[in-house]
A.B. asks: 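Quick one: structure below, then a few questions.
Counting convention: from 1, in listed order, for ligands and their atoms alike. The basis for the numbers below is simple: all heavy atoms, side chains too, and nothing from hydrogens, waters or symmetry mates.
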Amino acid sequence: MDLATRYLGLNLKNPLVVSASPLALDLGNCRKLEDCGAAAIVLPSIFQEDIENEIDEIERLVCEGNSEAFSYFPSSISANAGPKNYLELIRKTRAALDIPVIASLNGTTRTGWTDYAKQIEEAGAQAIELNVYLLPTDIALSGAEVEARYLDILDVVKQTVAIPVSMKLSPYFSSVGHMAKSLDEAGADGLVLFNRFYQPDIDLEELTLVRDLKLSHKGEIRLPLLWIATLAGKVKASLAASSGVQTAAEVVKYLFVGADVVMTTSALLRHGVDYMKTLHDGLIAELTEREANSVADIRGKMSRGATSDLAAYDRVNYIRILRGGAYNA
Ligand SMILES: Cc1cc2nc3c(=O)[nH]c(=O)nc-3n(C[C@H](O)[C@H](O)[C@H](O)COP(=O)(O)O)c2cc1C
C-alpha cells in the first residue's frame, strides 16, 4: 500500500501527523509516535507572550485548568515553555527522530517576536506552523483588520525564514475561502483547518467561569471537511485537516475531500500515543476495503470540484434538509 504524501514540500511516508500539543514535549512519546506510524510531528506552540517575556501563558493555563485535557500536561511544562528551552526542544526532537519536526509559533501581532522564527529554523525545524490565535473581543477591530493581521504575520515570517510556513486558520472569517486564497497568494505553504478556539463555560453551582479545554469528538470533522472540500484543487498550499479525528474513518473522510495530511491530538491524549498505530493500521484497512492502492487513489475524489453531488456542499442542500426533515436525533 502506497501511503506516501507531500506536505509543505516535504515527502511524508503517510498522511498521519501529530498536531501541536504537549505530547511532543516528551521525547519518549515522540519516538513511540514515530514507531507507531506518525509521519511528522508538530511541537506545542511557543507563544508570542513567552518570547516577549510578558506572561507565561502555558503556566497560567496549567495553574488554572483542571480539565481532562490539562491533566495531560507534563508537570515540567513551565520549565519547557521558555524561548531557549523551545529551541532546545527542537534540537533534541530533531536528533531523536527521522520524521519531520514542525515548530509552532503562536502570536497575534507582527512585531516583537518574529525574529525568533529565524532561531527556530536554525535549531533545525523543517517547517513552521503559524497559529494566529486572535480572538477579536475588541469590537472596534474590523474583519478586514483581523485578516490583515494574519497576512502581516505570514509576510514577516516568510521574509525571515527559508523553511516552509503553514498557517493554522480559524473557521470564523466571513469568507473562509477568500481568506485561504489570500494566504495562499501571499505564499503560505500550507493551511491547517482548523484551530480549535478556547471558549469558556459557566459553573452554575459556583457561579464562576469555567476555563477548561475539552477534547474533540468526531462530529467536529464536518466544518473542516466542508472547507477542505471547497479549497481542494483551488489553492497551491498543502491542506492539513485538524479537528475531530478519533478513528481511521475520519482520516479517510478527510482524504476523500482532498486533505494532504490529517492531524490528530485528542485521540492520542485520550487513548495514549500507541493509538497512532491503530489509526495507521486502520487507514490501511480502510484503503484495502475500498480497493485503493494508495492514498492518491482516494484523495480529493469527493472534493467540491470532483463530486457530482455538488449541491451537498451548498445552500440548496440546506433548504432541502430543512424542508425534507433529514435530521438525526
Ligand atoms: C491539550 C491540548 C494542547 C494543545 N496545544 C496546542 C498548541 O500548543 N498549539 C496549537 O496550535 N494547537 C494546540 N492544540 C490544538 C491541537 O493541535 C488541535 O488543532 C486540536 O486539538 C484539534 O485536533 P483534535 O480534534 O485532533 O484534537 C492543543 C490541543 C489540546 C487538546
Side-chain angles (χ1 to χ4, degrees), residues 15-26 29 33 38 40-51 56-62 64-74 77-78 80-81 85-86 89-90 93 102-108 120 125 127-135 150 153 165-171 190-199 211-225 228 239-251 253-254 259 261-273 275-276 278-279:
L16 296 168
V17 172
V18 181
S19 46
S21 87
L23 280 172
L25 288 174
D26 181 305
N29 277 343
L33 284 162
I41 291 191
V42 186
L43 298 178
S45 296
I46 180 80
F47 296 90
Q48 176 178 359
E49 290 83 350
D50 289 327
I51 296 164
D56 187 329
E57 182 70 2
I58 298 178
E59 190 169 27
R60 190 177 67 75
L61 291 172
V62 170
E64 293 171 356
N66 54 1
S67 70
E68 184 187 9
F70 284 121
S71 68
Y72 291 96
F73 278 90
I77 188 158
S78 53
N80 278 304
N85 290 326
Y86 196 74
L89 177 71
I90 296 170
T93 316
I102 301 170
S104 168
L105 256 179
N106 196 316
T108 58
I120 286 183
I128 292 178
E129 184 176 284
L130 279 176
N131 183 339
V132 181
Y133 190 106
L134 174 61
L135 279 175
Y150 275 73
I153 291 172
V165 179
S166 65
M167 198 97 201
K168 196 166 187 176
L169 280 189
S170 146
L191 302 171
V192 183
L193 286 75
F194 285 114
N195 213 353
R196 256 176 111 233
F197 273 50
Y198 155 78
Q199 285 142 346
R211 301 155 182 264
D212 62 359
L213 173 61
K214 295 272 181 254
L215 297 181
S216 69
H217 54 85
K218 67 179 182 186
E220 290 180 45
I221 71 165
R222 288 191 176 210
L223 188 60
L225 197 84
I228 290 170
L239 296 174
S242 173
S243 282
V245 169
Q246 311 303 325
T247 68
E250 289 79 58
V251 176
K253 289 179 187 182
Y254 274 136
V261 295
V262 180
M263 297 185 167
T264 180
T265 283
S266 290
L268 299 171
L269 288 172
R270 223 175 239 134
H271 307 295
V273 286
Y275 191 69
M276 180 52 82
T278 306
L279 292 175

A.B. asks: So do the side chains of R211 and Y198 get within less than 4.5 Å of each other, counting heavy atoms only?
C.D. replies: yes

A.B. asks: Where does T265 meet ligand 1, judged by heavy-atom distances below 4.0 Å: at the side chain, the backbone, both, or neither?
C.D. replies: both

A.B. asks: With atoms numbered from 1 as shown, which atoms in ligand 1 lie under 4.0 angstrom from a non-hydrogen atom of S242?
C.D. replies: 18 (C), 19 (O), 22 (C), 23 (O)

A.B. asks: How does V192 reach ligand 1, by side chain, by backbone, by both or by neither, if only non-hydrogen atoms under 4.0 Å count?
C.D. replies: neither

A.B. asks: Taking only heavy atoms of L215, which atoms of ligand 1 are found under 4.0 Å from at least one of them?
C.D. replies: 31 (C)

A.B. asks: Out of N131, L269, V262, who gets a non-hydrogen atom closest to atom 11 (O) of ligand 1?
C.D. replies: N131

A.B. asks: Distance from I90 atom CD1 to I46 atom CD1, nearest 0.5 Å?
C.D. replies: 8.5 Å

A.B. asks: side-chain hydrogen bond (donor to acceptor under 3.5 Å, both in side chains) with E250: which residues, sequence neighbours excluded?
C.D. replies: T247

A.B. asks: Name the option, out of Q246, K168, K218, K214, that contains the heavy atom nearest to atom 19 (O) of ligand 1.
C.D. replies: K168

A.B. asks: Which ligand 1 atoms are under 4.0 Å away from a heavy-atom of T264?
C.D. replies: 26 (O)

A.B. asks: Are any of the N/O atoms on A20, whether in the backbone or the side chain, positioned under 3.5 angstrom from an N/O atom of ligand 1?
C.D. replies: yes

A.B. asks: Mark up the atoms of ligand 1 that fall under 4.0 Å of a heavy atom belonging to S216, in ascending order.
C.D. replies: 24 (P), 25 (O), 27 (O)

A.B. asks: Can you name the atoms of ligand 1, numbered from 1 with element, that are less than 4.0 Å from a heavy atom of G244?
C.D. replies: 24 (P), 25 (O)

A.B. asks: Between N131 and K168 (side chain of the first, backbone of the second, donor and acceptor by atom type, cut-off under 3.5 Å), is there such a pair?
C.D. replies: no

A.B. asks: How many angstroms lie between atom OG of S104 and atom CD1 of I41, to the nearest 0.5 angstrom?
C.D. replies: 13.5 Å

A.B. asks: To the closest 0.5 Å, what do you measure between CG (L268) and CG (L33)?
C.D. replies: 6.0 Å

A.B. asks: How would you list, by chain and number, every residue that makes a side-chain hydrogen bond (donor to acceptor under 3.5 Å, both in side chains) with S216, sequence neighbours excluded?
C.D. replies: Q246, S266

A.B. asks: Pick one of side chain, backbone, both or neither for how V42 approaches ligand 1, counting any non-hydrogen atom pair under 4.0 Å.
C.D. replies: neither

A.B. asks: Could you measure the distance from the CE atom of M263 to the CD atom of E129? Nearest 0.5 Å is fine.
C.D. replies: 4.5 Å

